[in-house]
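Here the structure is laid out as structure tokens; the discussion comes afterwards.
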Amino acid sequence: MTDAPAPTPAPAIRDVATRLIRIPLTRPWGPDVTDIRVVAVRVRDADGGEGHGFSWTPSIGGAAVAALLEEDLIPAAVGRPAEPGIWHELWRHVHEAGGGGVTTIALAGLDLALWDLRARRAGTSVTDLIGRRHDRLPAYGSGVNLHYPLEELVAQAERWVAAGFQAIKVKVGGPDLAEDLDRIAAVRAVLGPDRRLLVDANQRWDLDTATRAIPALAEHGIGWIEEPLRADDLAGYRELAQRIDVPIAAGENLHTAHRFRDFLDAGALQVAQPNIVRVGGFTPFLEIAHLARERGVELAPHLLPELSAQLAYTLPETTWIEDVEDAAFGALGALVEPTGVTVADGWVSGGPPLGLGIRFR
């Protein structure tokens with residue numbers, strides 16, 4: 001019996017280029033979020049292979065992400081193998097600038113480009129490279145809509161129902177709980193009794209306010225309460241989980257597997273919502289998904305459906321994919337060509353035949 005040949009090592013990273021892009025939002029998410037900033041990342045290896053990834057922020061911090069890539073990450077990456085497995089070495093390299101946040105957002109651009117390159121090298125999509133388990137997944141309609149007048153919010157809910165969504169998410173956390181309750185009641189009336197209604201407070205409450213507000217909102221049948229407290233308040237989340245019966249969802253502002261482990265082990269979350277870019281790319285996201293699976297916690301990727309769906313197809317569990325109205329890259333006209341990921345009749349399906357298929361104009 002002969003030994004199997006050793007795998008051919010990946011060629012080295014030859015160079016990395018970045019480009020900071022401002023993409024105006026069709027509907028601003030608020031007075032301070034009128035666009036999204038993308039740092040497009042192109043990696044080339046010593047054999048001439050090319051991969052494309054990106055980092056992303058809503059308005060704030062795009063230039064800082066681009067600077068960290070140019071000044072610290074790219075010099076450390078060039079010469080290393082052009083494989084996603086270098087993620088942890090690079091994370092250690094920039095750790096003095098912060099274990100997460102700008103550092104992990106910047107790392108995502110390289111990680112996604114390296115996954116794209118690896119899949120292109122294999123002649124397949126990233127989904128099929130990792131291992132496809134789903135051809136379609138349920139999507140929920142979502143909106144950054146706390147600033148919408150009631151009639152506009154109701155009209156948005158009506159659009160989601162007409163589009164076939166079986167779950168939708170709206171914002172709460174205004175200064176007047178009675179107004180929040182009126183808005184949720186109006187949306188529930190549009191949805192009827194059978195569709196899932198998810199609620200997001202966007203870190204607007206303290207512990208006592210959340211304790212009062214959530215049972216009142218629950219009278220309208222809510223599926224989860226998202227980010228009721230400041231994202232880093234582990235003690236508060238742990239205490240709130242003891243006080244209420246509604247599942248708590250959070251994680252879009254947790255940036256490392258270590259931080260997710262803290263929240264999961266504390267019983268502070270029932271729905272984990274990692275954002276692929278904020279945690280640093282596919283490599284750490286897969287680690288976080290494994291943690292959630294081990295602890296029996298629901299996983300729901302945050303935002304970026306054209307990216308999130310491609311990775312969620314590879315997970316053993318069925319996950320909900322968030323589709324924010326008028327905010328997908330394709331809807332904003334930001335891409336060179338469609339990714340093939342589509343949302344129709346409440347389901348997300350499709351994807352690119354090769355790599356990630358996400359390249360920006």
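Note that this is a predicted model, so its numbers are computed, not measured. Residue indices begin at 1 and follow the sequence shown.
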Practice problem: Report yes if the distance between the aromatic ring centroids of Phe285 and Phe260 is under 6.0 Å, otherwise no. | Solution: no

Main-chain N/O of [Y] paired to [X] side chain as donor or acceptor, under 3.5 Å:
{"X": "Thr314", "Y": "Gly131", "result": "no"}
{"X": "Arg259", "Y": "His255", "result": "no"}
{"X": "Arg295", "Y": "Leu264", "result": "no"}

Hey, are [X] and [Y] close enough for a salt bridge, meaning a charged N less than 4.0 Å from a carboxylate O?
{"X": "Arg238", "Y": "Asp262", "value": "no"}
{"X": "Asp116", "Y": "Arg120", "value": "yes"}
{"X": "Asp47", "Y": "Arg121", "value": "no"}
{"X": "Arg37", "Y": "Asp35", "value": "yes"}
{"X": "Arg132", "Y": "Asp128", "value": "yes"}
{"X": "Arg14", "Y": "Glu50", "value": "no"}

message = For His93 and Glu89: C-alpha separation, side-chain torsions, deciding distance, then whether side-chain hydrogen bond (donor to acceptor under 3.5 Å, both in side chains) applies.
response = CA-CA 6 Å; His93 177 72; Glu89 297 171 44; over 6 Å; no

Heavy-atom closest pair, residues [X] and [Y]:
{"X": "Pro228", "Y": "Leu240", "result": "CG-CD2, 3.5 Å"}
{"X": "Ile184", "Y": "His220", "result": "CG2-CB, 3.7 Å"}
{"X": "Ala272", "Y": "Val297", "result": "N-CG1, 3.8 Å"}

Next on the checklist: Could you walk me through whether Arg359 and Glu337 satisfy the salt bridge (Lys or Arg N to Asp or Glu O under 4.0 Å) test, starting with their C-alpha distance in whole Å, then the side-chain angles of each, then the deciding distance to 0.1 Å, before giving a yes or no?
Outcome noted: CA-CA 7 Å; Arg359 293 187 61 181; Glu337 58 188 8; over 6 Å; no

Which is it for Ile13 and Asp45 under the side chain to side chain contact (heavy atoms under 4.5 Å, CB included) test, yes or no, and what are the steps along the way?
CA-CA 4 Å; Ile13 296 172; Asp45 67 25; 5.8 Å; no

Hits for side chain to side chain contact (heavy atoms under 4.5 Å, CB included) against Arg136, two or more places apart or cross-chain, chain-then-number order -> Trp347, Ser349

OG1 (Thr57) and CD1 (Ile105) are apart, to the nearest 0.5 Å, by 6.5 Å

Paired with Leu311, the side-chain contact (heavy atoms from CB on, under 4.5 Å) test is passed by just one of Leu356, Ile130, Thr127, Val126, namely Ile130

inquiry  = Checking Glu152 against His147 for the side-chain hydrogen bond (donor to acceptor under 3.5 Å, both in side chains) test, could you report, in this order, the C-alpha distance in whole Å, the side-chain angles of both residues, the deciding distance, and whether it holds?
reply    = CA-CA 10 Å; Glu152 231 178 291; His147 58 299; over 6 Å; no

Quick note, side chain to side chain donor-acceptor pair (under 3.5 Å) partners involving residues 163-176, not counting sequence neighbours, are Tyr140-Lys169, Lys169-Glu226, Lys169-Glu322, Lys171-Asp200, Lys171-Asn202

